[in-house]
Amino acid sequence: MTTHTDTPTTVEYTPEQPARLEWAKHAPEVYKAMVRLETAARKGLDHKLYELVKIRASQINHCAFCIDMHTKDALAAGESVERIVQLSAWDESRHFYTAKEVAALELTEAVTVLTDGFVPDEVYDNAAQHFEEAELAQVIAAITVINAWNRFGVTCRMAPGHYEPGQYK
């Protein structure tokens with residue numbers, strides 16, 4: 001006869017990889033300029049839309065640090081877990097998002113993955129239908145800035161898991 005006992009088990013995770021380089025410490029003027037650019041890029045944008053764009057670009061770029069940060073900030077801003085979970089497959093789960101958010105996500109993917117060397121006209125035109133020109137410029141700026149942050153995060157191997165919502169605001 002076999003008996004089952006509820007004994008606690010300890011899970012041992014793999015060790016965290018150390019950062020390759022603390023780039024902000026060694027290039028403080030670049031870091032300060034990036035923070036100013038980030039502040040300017042987010043002006044006038046809906047906070048939830050802004051975070052969805054940041055998360056999606058970070059997923060594409062495999063930037064775990066930025067995924068961690070922007071997911072936590074999105075949750076703190078009231079975004080639902082369900083919409084964040086579906087974000088990596090947003091194209092198959094469009095019904096979780098507004099038409100405006102879908103246009104922003106399409107644009108995020110086109111700007112982030114420039115494999116063909118350009119943003120397709122239909123993607124840009126769709127975004128232009130959902131955003132006034134000034135707001136569209138801000139969305140493009142937000143996409144561009146997160147892509148720059150992702151390059152620092154991935155190249156320097158910044159470790160996810162330590163960010164607290166709003167920590168860098």
Side-chain angles (χ1 to χ4, degrees), residues 12-81 83-85 87-88 90 97 100-101 103-119 123-124 127-128 130-169:
E12 190 171 322
Y13 294 101
T14 58
E16 182 177 289
Q17 291 182 332
R20 288 180 175 154
L21 176 70
E22 293 180 49
W23 76 271
K25 176 179 152 186
H26 297 289
E29 293 306 314
V30 175
Y31 178 77
K32 289 176 194 172
M34 284 294 298
V35 170
R36 287 190 304 272
L37 186 58
E38 176 74 32
T39 300
R42 86 169 53 152
K43 285 196 186 301
L45 289 180
D46 173 76
H47 192 71
K48 288 182 182 180
L49 175 87
Y50 170 83
E51 293 300 342
L52 290 175
V53 163
K54 298 289 187 169
I55 295 165
R56 185 62 193 129
S58 300
Q59 289 172 335
I60 295 166
N61 290 322
H62 302 279
C63 185
F65 181 85
C66 292
I67 292 169
D68 178 59
M69 174 191 294
H70 293 290
T71 298
K72 288 175 179 175
D73 283 346
L75 289 168
E79 185 56 82
S80 73
V81 170
R83 283 170 32 105
I84 293 171
V85 168
L87 196 53
S88 65
W90 68 268
Y97 309 98
K100 187 174 186 175
E101 290 167 336
L105 293 171
E106 287 174 339
L107 187 61
T108 298
E109 291 199 3
V111 172
T112 300
V113 184
L114 291 173
T115 54
D116 293 328
F118 62 92
V119 174
V123 171
Y124 183 87
H130 292 282
F131 295 93
E132 297 293 327
E133 285 186 345
E135 189 179 21
L136 181 57
Q138 291 301 123
V139 171
I140 294 167
I143 296 166
T144 302
V145 173
I146 191 58
N147 274 280
W149 283 120
N150 290 165
R151 269 77 180 153
F152 286 114
V154 171
T155 304
C156 297
R157 194 184 288 142
M158 295 172 65
H162 305 287
Y163 178 78
E164 295 295 325
Q167 180 178 337
Y168 295 127
K169 292 186 181 185

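Reckoned from all heavy atoms, side chains included, excluding hydrogens, waters and symmetry mates.
- Looking only at distances, no side-chain donor or acceptor of Arg56 sits under 3.5 Å from a matching main-chain atom of Glu109.
- Counting only heavy atoms from C-beta outward, the side chains of Trp23 and Met158 approach each other to under 4.5 Å.
- What you find for Phe65 and Ala159 is that their closest heavy atoms are CD1-O, 3.2 Å.
- From Trp149, atom CH2 reaches atom CG of Asn61 across 14.5 Å, with rounding to the nearest 0.5 Å.
- A salt bridge links Glu29 with Lys32; the closest basic N to acidic carboxylate O contact falls under 4.0 Å.
- Using modelled atom types and a 3.5 Å distance limit, the side chains of Trp90 and Gln59 yield no donor-acceptor pair.
- Here the side chains of Leu75 and Glu51 are not in contact, with every heavy-atom distance at 4.5 Å or above.
- To the nearest 0.5 angstrom, Leu49 atom CG is 12.0 Å from Gln138 atom CD.
- Atoms OG and CG, on Ser58 and Asn150 in that order, are 4.0 Å from each other to the nearest 0.5 Å.
- A side-chain donor-acceptor contact under 3.5 Å links His162 and Glu16.
- Side-chain atoms of Ile146 and His70, non-hydrogen and from C-beta on, do get closer than 4.5 Å to each other.
- For Tyr124, the OH atom counts as loosely surrounded, since its 6.0 Å shell holds 12 or fewer non-hydrogen atoms of other residues, nucleotides or ligands.
- When side chains are defined from C-beta on, Arg83 counts as touching Leu52, because their heavy atoms get closer than 4.5 Å.
- Within 6.0 Å of atom CD in Glu22, 12 or fewer heavy atoms from other residues, nucleotides or ligands are found, so the atom counts as exposed in its surroundings.
- Atom CG in Leu21 sits 10.0 Å away from atom CZ in Phe152 (nearest 0.5 Å).
- Looking at every heavy atom in both residues, Asp68 comes nearest to Gly161 through OD2-N, 2.9 Å.
- Atom NE2 of His47 is separated from atom CZ of Arg42 by 7.0 Å, given to the nearest 0.5 angstrom.
- Looking at every heavy atom in both residues, Ala77 comes nearest to Lys48 through O-CE, 3.5 Å.
- Inter-residue side-chain proximity for Leu107 and Leu136 is flagged as met; some heavy-atom pair is nearer than 4.5 Å.
- Under the 4.5 Å side-chain criterion, counting only non-hydrogen atoms from C-beta, Val145 is in contact with Lys54.
- Distance CD/Glu106 to OG1/Thr108: 10.0 Å, rounded to 0.5 Å.
- Side-chain atoms of Asn147 and Ile60, non-hydrogen and from C-beta on, never get closer than 4.5 Å to each other.
- For Pro165 against Ala76, the heavy-atom pair with the smallest separation is CB-CB, 3.7 Å.
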